[in-house]
Structures are given as C-alpha cells and as structure tokens.
Amino acid sequence: MAAVDAGWTVIGIDNFAAKVTKINGGSSPVEDISDEQLQAAISKGAYKATTDFSAVTKASVITICVPTPLNEKREPDLTFLSSAARGIAPHVSNETLIVSESTSYPGTLRDIIIPIVDELKSEGSKNVYFACAPERVNPGDTVWNQKNTPRLVGAIDEVSQIRALAFYESICDAVVAVSAPEVAEAAKLLENTFRLVNIALINEFTQLCSTSGINVHEVIDAAASKPYGFMPFRPGVGVGGHCIPVDPLYLTWWARQNGGRAEFVESADSISHMMPKYVAQRAIDLVSSSIVNPKVLILGVAYKPGVGDVRETPVSELRDHLLSLGANVAWHDPLVPTWESSKSVDLDWQCDVAILAVKQPGMNFEQLMVRGVEILDCTNTMKGCAGVTPL
Ligand SMILES: NC(=O)c1ccc[n+]([C@@H]2O[C@H](COP(=O)([O-])OP(=O)(O)OC[C@H]3O[C@@H](n4cnc5c(N)ncnc54)[C@H](O)[C@@H]3O)[C@@H](O)[C@H]2O)c1
C-alpha cells in the first residue's frame with residue numbers, strides 16, 4: 001500500500017490461494033490496512049493479488065517478504081524464502097531489481113537467494129540487480145509506519161544500490177544506505193536482539209524486585225528519570241510474535257556457523273522462556289492453598305495489545321505451566337475468537353484468579369472486580385485497583 005500511495009502499480013503474489021481471493025474481494029488480512037484503503041487501490045487498478053508467479057515478468061522491482069520462521073530444532077527455516085526465489089526466478093525480466101525484505105542472517109541474499117535466481121532465470125535476463133532492505137514495520141503502531149520509518153538499503157553492487165535507493169526513496173521519507181546487504185541483514189538482527197535482551201533483563205530484574213517486595217515499575221520510572229544512557233523496558237509474560245523471539249535465534253545460529261557463540265543472546269532467550277513459568281507460579285500463589293485445582297482465567301492471549309496475532313505468544317507456555325500445576329485454565333481475548341482449538345470465554349467465567357497477560361482494547365474488568373476476583377497484572381495498566389497484584 002505504501003508503494004501504491006507513491007504511484008506504483010503493485011501486484012502481490014502469494015501461494016495461499018484463499019488469502020489471494022480474500023484480498024481481491026477487498027478484505028484486508030493486515031490489521032493496519034483497512035478494507036477501504038485496499039478497495040480503493042484495487043478499484044483504481046493500482047493493486048491486485050495473484051497466485052500466478054508469471055506476473056513477475058511485468059515487474060521492474062520485486063520485493064520478497066515471505067516468513068522466515070524457526071524449524072523444530074529452533075534453527076533458521078528458509079524454506080519459504082527459497083521457494084519464493086524459485087517461484088520468481090524463471091519469470092524475472094531483464095533489468096529487474098530483486099529486494100529481500102525478509103529478516104534473516106547475514107549472507108542470506110548473497111548465498112541463498114542470488115544463486116537460486118542466477119540458476120533459474122532465463123538467458124535473456126542478463127542484468128538482474130539485488131539488494132536487501134529489511135522490513136521494520138511494527139503492527140498496531142499508530143505513529144511509525146512504512147513511510148516514516150527510515151529504511152535500510154544494502155546492495156551487492158553500485159547499480160543495484162542506485163536502483164534500490166530510488167525505489168525506497170519513492171515510498172519512504174528517509175532511506176539509509178549501507179555498504180553491503182550483510183550490513184542491513186545484521187542490523188535487523190541487532191535491532192530485534194536488542195529488544196529481546198532488554199526485555200529479558202527487565203523480566204529477570206522484576207523477579208529480583210518482587211522477592212524483595214519492591215515495585216519494579218517504580219524502579220523503572222525512577223531509572224528513566226536519568227536523561228541519558230537509559231531506555232525503559234517493561235516486564236511481561238515473555239516475548240511473542242514472529243520477530244523478537246525468533247530473529248535472535250537467527251543470530252545465535254549464524255554465530256555457531258562462524259565458530260562463535262552468542263552466549264548473551266542465548267541467555268536472554270532462556271530467561272524469556274522461564275518467565276511464563278514464573279508468572280504461572282505467581283498466579284497460583286494468589287489462590288488459597290485449600291483449592292487443589294484452581295480455576296485460572298487468562299486475559300489476553302495475543303502476543304501484544306491491539307493485535308489478534310497469536311504467533312509465538314508466550315501465553316501458550318503460561319497456559320501449559322498452569323496446567324502442569326493442576327489448574328483449570330480458560331482465556332478471554334476480544335481480538336482472538338479461537339486459539340489452539342479452544343474459544344475465548346466471557347468474563348463471567350467463574351475463576352479463582354485471573355492473569356492480565358495482554359490488555360486488549362475493549363476489555364472491561366468491571367465484572368471481575370465486582371466479584372472480587374484476584375488479578376495478577378502483568379501489564380501495569382491496573383495500578384492501584386483493589387484486588388490487583390502487580391507482577
Ligand atoms: N509482519 C511484521 O510485523 C514484520 C516486521 C518486521 C519484519 N518482518 C519480516 O518480514 C517477513 C515476512 O513476515 P510477515 O509477517 O509479513 O509474514 P506472513 O506470515 O504474513 O507471510 C507473508 C505471506 O507469505 C506467503 N508465502 C509463504 N511462502 C510463500 C512463497 N513461497 N511464495 C509466495 N508467498 C509465500 C504466506 O502465504 C503469507 O501470506 C519475515 O521475514 C518477518 O520476520 C515482519
């Protein structure tokens with residue numbers, strides 16, 4: 001949509017046919033893009049979706065933005081990326097720019113994508129240009145978007161860089177040129193690893209403060225009064241989404257491939273995964289020990305407020321720990337109707353304790369408070385309310 005707004009004609013290729021049909025029907029699958037915006041782009045002929053990779057032939061710029069998840073060994077899974085490169089390669093026209101926007105470890109463009117395209121492109125497509133411009137979008141963010149977030153661009157040679165800069169300058173307010181795609185790839189991993197380690201630090205710090213009866217939020221506010229050298233991060237159930245818990249493991253894997261170890265990052269990852277267990281125990285401790293199988297209501301299961309996305313949500317581990325402690329667990333999330341084969345319950349579900357994991361817009365706790373239900377607040381949004389215990 002940012003490219004459409006800048007005057008480009010855009011074709012979206014996706015191998016998930018149902019999504020393509022939905023998009024072409026004017027229904028947006030992306031929270032930050034309204035149906036009206038999508039419909040306007042479609043009706044003026046500036047956008048359409050297709051499953052047909054031959055549409056690539058018409059493109060002067062191709063951006064690859066497929067998922068880069070972890071496999072069952074929690075290592076980079078580049079299956080989608082390789083398959084997208086194989087899908088577009090035979091249809092790439094001469095003088096086309098290919099940009100990888102997917103998050104991955106340094107060397108992905110040069111060592112994975114380019115060899116696939118070079119092998120499968122047609123003989124006539126002699127000049128194909130390559131760059132990397134990692135996606136930085138923050139879903140649900142009403143301030144920072146594609147246009148006003150500076151874009152990193154690193155290309156494999158001068159002509160590729162000139163073309164990539166021209167493209168991103170047309171859709172973004174600011175573009176930051178770096179010397180190579182590997183720098184852009186590494187910068188993206190650094191950005192998200194920075195968030196992981198700082199969130200892990202504050203989650204560890206929260207546990208230390210709680211043991212000593214100190215309110216961690218007051219400590220964070222106090223530290224944040226220093227005008228330089230400190231940035232506040234807040235505790236929670238853990239990290240979620242398909243970026244913060246995932247991308248740092250691309251970094252740890254890449255370090256191992258190069259004979260090193262990212263010990264600090266590995267440690268942050270394990271602290272993150274311990275947090276849901278800690279939260280589960282804190283909630284159970286709020287229930288009278290005479291109740292053998294306490295009923296626990298989790299409020300919010302999405303990975304962050306304002307979205308219905310449950311990918312890698314730490315609430316999954318929270319629920320598993322609660323179950324292993326003998327609890328009966330139900331959950332409520334106005335933005336997530338179904339999750340892992342179960343449905344969101346109403347707030348009148350009778351529980352012994354509630355855990356506010358994610359504060360979603362439209363959540364109304366009035367009836368829980370009227371019933372005197374104890375709430376463990378992991379979000380610091382119910383400060384000072386009766387019956388509420390901060391994390
Ligand atoms: N969404 C974000 O907030 C965000 C932010 C920063 C970076 N990223 C990065 O951007 C990349 C994409 O993330 P996303 O959240 O948009 O992913 P997504 O899960 O929304 O997937 C994008 C689409 O790719 C399609 N797809 C998968 N394989 C394909 C193939 N071979 N050919 C064609 N289509 C294919 C899927 O069907 C899906 O519709 C990832 O590397 C992610 O780390 C995303």
Side-chain angles (χ1 to χ4, degrees), residues 1-3 10-24 27-33 38 48-56 59 62-71 76-92 98-106 108-109 112-113 116-117 120 132-146 149-152 172 181 184-196 239-251 253-254 302-313:
M1 287 304 112
V10 181
I11 302 170
I13 301 182
D14 203 299
N15 57 6
F16 184 18
K19 196 171 193 175
V20 167
T21 307
K22 186 177 169 183
I23 291 169
N24 285 334
S27 172
S28 168
V30 176
E31 270 138 347
D32 296 329
I33 304 290
L38 175 64
K48 72 169 182 185
T50 178
T51 53
D52 181 3
F53 275 87
S54 70
V56 156
I62 301 168
T63 66
I64 304 177
C65 21
V66 294
T68 41
L70 299 172
N71 62 21
D77 175 1
L78 297 188
T79 326
F80 299 109
L81 204 55
S82 317
S83 116
R86 278 196 302 277
I88 61 177
H91 307 288
V92 173
I98 299 181
V99 188
S100 175
E101 294 196 356
S102 292
T103 306
S104 190
Y105 55 82
T108 301
L109 177 71
I112 309 283
I113 297 174
I116 292 174
V117 175
L120 300 177
C132 178
E135 177 55 68
R136 278 174 154 176
V137 75
N138 181 23
D141 194 324
T142 51
V143 176
W144 297 106
N145 51 46
Q146 288 274 0
T149 304
R151 194 72 181 224
L152 293 181
C172 303
E185 289 165 328
K188 174 69 194 179
L189 293 191
L190 176 61
E191 289 164 22
N192 283 358
T193 303
F194 173 85
R195 284 190 62 73
L196 175 80
V239 289
H242 56 296
C243 290
I244 310 299
V246 172
D247 302 347
L249 298 193
Y250 273 64
L251 182 62
W253 180 88
W254 177 65
Y303 82 87
K304 69 173 187 177
V307 301
D309 193 340
V310 290
R311 285 183 285 181
E312 308 283 334
T313 174

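Residues take their numbers from the sequence shown, with the count starting at 1. Just so you know, ligand 1 is whichever comes first in the structure, and atom 1 is the first atom listed for that ligand.
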Polar-atom distance check: [X] versus ligand 1, any N or O pair below 3.5 Å?
X: E101; value: no
X: D14; value: yes
X: T68; value: yes
X: K188; value: no

May I ask you to identify the nearest protein heavy atom to [atom], giving residue, atom name and distance to one decimal place in Å?
atom: atom 21 (O) of ligand 1; value: P67 CG, 3.2 Å
atom: atom 1 (N) of ligand 1; value: H242 NE2, 3.2 Å
atom: atom 16 (O) of ligand 1; value: C65 O, 4.2 Å
atom: atom 26 (N) of ligand 1; value: N15 OD1, 3.6 Å
atom: atom 6 (C) of ligand 1; value: E135 O, 3.3 Å
atom: atom 28 (N) of ligand 1; value: F80 CD2, 3.4 Å
atom: atom 43 (O) of ligand 1; value: T103 OG1, 3.2 Å
atom: atom 20 (O) of ligand 1; value: K19 NZ, 4.0 Å

Show me which atoms of ligand 1 lie under 4.0 Å from any heavy atom of [X].
X: F16; value: 37 (O)
X: R311; value: 15 (O), 18 (P), 19 (O)
X: A84; value: 31 (N)
X: V137; value: 2 (C), 3 (O), 4 (C), 5 (C), 6 (C)

Any side-chain heavy-atom pair from [X] and [Y] closer than 4.5 angstrom?
X: T103; Y: P134; answer: no
X: I13; Y: D52; answer: no
X: L152; Y: R136; answer: yes
X: L81; Y: I112; answer: no
X: P69; Y: F80; answer: yes
X: V137; Y: T149; answer: no
X: R195; Y: V239; answer: no
X: P139; Y: K304; answer: yes

Closest approach of E185 to C132 (non-hydrogen atoms, all atoms of both residues):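 Heavy-atom minimum between the residues: CG-SG, 3.4 Å.
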
Which pair of heavy atoms, one from I113 and one from A85, lies closest together, and at what distance?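 Nearest heavy atoms, I113 then A85: CG2-CB, 4.4 Å.
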
Could you label the plane-to-plane angle of the Y105 and W253 rings as parallel, tilted or perpendicular, counting under 30° as parallel and over 60° as perpendicular?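 Rings of Y105 and W253: tilted, 30 to 60°.
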
Taking only residues two or more places apart in sequence, or in another chain, which ones meet E312 in a side chain to side chain contact (heavy atoms under 4.5 Å, CB included)?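 Testing E312 for side chain to side chain contact (heavy atoms under 4.5 Å, CB included), a comparison that skips the adjacent residues, returns P245, V246.
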
Heavy atom to atom 40 (C) of ligand 1, shortest distance: which of V246, V66, V30 holds it?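 When every heavy atom of V246, V66, V30 is considered, V66 comes closest to atom 40 (C) of ligand 1.
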
What do we get for F53 next to ligand 1 when only non-hydrogen atoms under 4.0 Å count, side chain, backbone, both or neither?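 F53 to ligand 1: side-chain contact only, backbone stays beyond 4.0 Å.
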
Between S83 and ligand 1, which part of the residue brings a heavy atom under 4.0 Å of the ligand: side chain, backbone, both or neither?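 Looking at S83 and ligand 1, atoms from backbone and side chain both fall under 4.0 Å.
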
Using heavy atoms and a 4.0 Å limit, tell me yes or no: is P139 in contact with ligand 1?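 Yes, P139 has heavy atoms under 4.0 Å from ligand 1.
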
